[in-house]
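Chain naming here is simple, since letters A, B, ... match the order of the sequence lines and numbering starts at 1 in each. Since the model is a prediction, treat every value here as computed from it, not as a measurement.
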There are 2 protein chains.
Amino acid sequence: MSNTPSKKNNTNIGPLNDLVTYHLRRAQVTSFNNFAQAMSEVQITPGQFGVLSLISSNQGLSQSAVARALGVERSTMVAVIDGLEKRDLVIRQPSPTDRRSNALVLSEKGQKLIGDGTDMAIGSDKKTVAALNDEEAIQLLTLLRKINHHSGI
Amino acid sequence: MSNTPSKKNNTNIGPLNDLVTYHLRRAQVTSFNNFAQAMSEVQITPGQFGVLSLISSNQGLSQSAVARALGVERSTMVAVIDGLEKRDLVIRQPSPTDRRSNALVLSEKGQKLIGDGTDMAIGSDKKTVAALNDEEAIQLLTLLRKINHHSGI
DNA sequence: TATTGTTATACTCTATAACTATA
DNA sequence: TATAGTTATAGAGTATAACAATA
């Protein structure tokens, strides 16, 4: 489940070093690995965590609404919810208002997991930004939020 | 090749909004899409661009060295270099010092592409950080560099 | 007509493990 | 023994296109 190839490198990376895209991708891989490690007990990926967290904050949400909020296709959500339902973390309830749609809720197990999991995620975040002081970490979050908000997120 | 599912969303994302991991991932997807769009003429992915750029700055680099510098497995590099070689962007030359190893160099076509491509990449970067002013964009880059440097990058 | 959930399918990126030829 | 390149294989994660049921 871990993910970081070995060995140091001392190669001159040239213009890459000035690209946000490049550093964003590297940092994201790091944060993903930290997350996977922090969640190794509960075996939850960042994507699954996002879904659980979202449902937790919005009980009864539809699959399509989750997909839209996370920026993925609704077809993609099917397998994700399947997996979470199979592990008894999420329940597909019939929507009371729309017979096409599922109202997603967390099971008790799901609620417990997201309770503990949120702390683990915060811990993993701290590890990711370990090179930054508190002010810088907040700055980073603020800047990323601006970028994301600007692109409709 | 584009990648962003449709529709606005106005769902409360709860604790996710305080996670660097979450915003890092979303921002990275945005930057990836901007990159793909900027490079649509030349059909170069961020990963391929990284390889070309790295070879450009370090002519004669081995595949393993590129893999290490970019944080991927050397087995992963094989197909990437295959693709770039098939498009006549990169040439595998026999290393003069180590008969196991390939010395990677850019073809003329590859040099031309990375010349233009670097500007396109910078343009795509500008789009990614369009929500930030110049000072903030530099801050972001600095913070991301700190994170990456801390994890050995 | 448009939307929800679903299935089938495919593509990209990446890893692990084992092999060979060197070093 | 260790490293470079390679192959085979597999697993995430995600997209597109089409379909039935419902709005």
K.L.:
Provide, to the nearest angstrom, the distance between the CZ atom belonging to A:F32 and the C1' atom belonging to C:dA15.
P.N.:
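Spelled out: CZ on A:F32 to C1' on C:dA15 is 12 Å.
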K.L.:
Counting only side-chain heavy atoms from C-beta out, which of C:dC13, C:dT6, C:dG5 sits nearest to A:R92?
P.N.:
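In terms of side-chain proximity for A:R92, the closest of C:dC13, C:dT6, C:dG5 is C:dT6.
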K.L.:
Looking at A:S101, does any N or O in its side chain come under 4.0 Å of the phosphate oxygens OP1/OP2 on C:dT3?
P.N.:
no
K.L.:
Check whether any side-chain N or O of B:E85 sits under 3.5 Å from a backbone N or O of B:R92 as a donor-acceptor pair, and report yes or no.
P.N.:
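Yes.
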K.L.:
Scan nucleotides 17-23 of chain D nucleotide by nucleotide, 5' to 3', and note B when protein non-hydrogen atoms come under 4.0 Å of the base, S if they reach only the sugar-phosphate, - if neither.
P.N.:
B---BBS
K.L.:
Could you tell me how far apart A:L70 (CG) and D:dG13 (P) are, to the nearest whole angstrom?
P.N.:
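Result: 13 Å.
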K.L.:
Which atom pairs, donor and acceptor, lie under 3.5 Å between side-chain atoms of residues 128-138 of chain A and protein residues at least two apart or in another chain?
P.N.:
residue, atom, partner, partner atom, Å
A:T128, OG1, A:N34, ND2, 3.0
A:T128, OG1, A:S124, O, 3.1
A:N133, OD1, A:E135, N, 3.1
A:N133, OD1, A:E136, N, 2.8
A:E136, OE1, A:N133, N, 2.9
A:E136, OE2, B:K146, NZ, 2.4

K.L.:
Separation of A:R25 atom CZ from D:dG13 atom P, in whole Å?
P.N.:
17 Å
K.L.:
Let's see if you can work this out: which of D:dG5, C:dT6, C:dT4 has an atom nearest to the side-chain heavy atoms of B:V78?
P.N.:
D:dG5
K.L.:
Answer yes or no: does a side-chain N or O of A:Q63 lie under 4.0 Å from OP1 or OP2 of C:dT6?
P.N.:
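Yes.
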K.L.:
Closest-nucleotide mapping onto DNA chain D: is A:G47 or B:S62 further toward the 5' terminus? I mean the 5' end.
P.N.:
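On the 5' side of the pair lies B:S62.
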K.L.:
Kindly write out the residues that satisfy side-chain hydrogen bond (donor to acceptor under 3.5 Å, both in side chains) with B:Q139, not counting sequence neighbours, or none if the list is empty.
P.N.:
none
K.L.:
Specify the separation, in whole Å, of atom CD of B:Q28 and atom C1' of C:dT14.
P.N.:
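Rounded to whole Å, this separation is 14 Å.
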K.L.:
Determine, for A:D116 against A:K112, whether the closest basic-nitrogen to carboxylate-oxygen distance falls under 4.0 angstrom.
P.N.:
yes
K.L.:
Looking only at side-chain atoms of B:V72, point me to the closest of C:dA15, D:dG5, C:dT6.
P.N.:
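So the nucleotide nearest the side chain must be C:dA15.
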K.L.:
For C:dA15, take OP1 and OP2 only and decide whether either is under 4.0 Å from a side-chain N or O of B:T76.
P.N.:
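Yes.
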K.L.:
Without decimals, in angstroms, what is the distance between A:I44 CD1 and D:dA12 C1'?
P.N.:
15 Å
K.L.:
Take the protein atom CE of A:M77 and the nucleotide atom P of C:dT7, then report the distance between them rounded to whole Å.
P.N.:
14 Å
K.L.:
Round to the nearest Å and state the distance from B:E73 atom CD to D:dA4 atom P.
P.N.:
12 Å
K.L.:
To which residues is B:V78 joined in a hydrophobic cluster, defined by side-chain heavy-atom contacts under 4.5 Å among Ile, Leu, Val, Met, Phe, Trp and Tyr, whether direct or through other members?
P.N.:
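Joined to B:V78, directly or through intermediates: none.
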K.L.:
Rounded to whole angstroms, how far apart are CG on A:D82 and P on D:dA12?
P.N.:
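Answer to the nearest Å: 15 Å.
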K.L.:
Kindly write out the residues that satisfy ring-ring contact (aromatic ring centres under 6.0 Å, His included) with A:F49, not counting sequence neighbours, or none if the list is empty.
P.N.:
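Applying ring-ring contact (aromatic ring centres under 6.0 Å, His included) to A:F49 gives A:F35.
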K.L.:
Output all residues satisfying salt bridge (charged side-chain N to carboxylate O under 4.0 Å, His left out) with A:D119, sequence neighbours left out; order by chain, then residue number.
P.N.:
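A:D119 satisfies salt bridge (charged side-chain N to carboxylate O under 4.0 Å, His left out) with no residue once adjacent residues are dropped.
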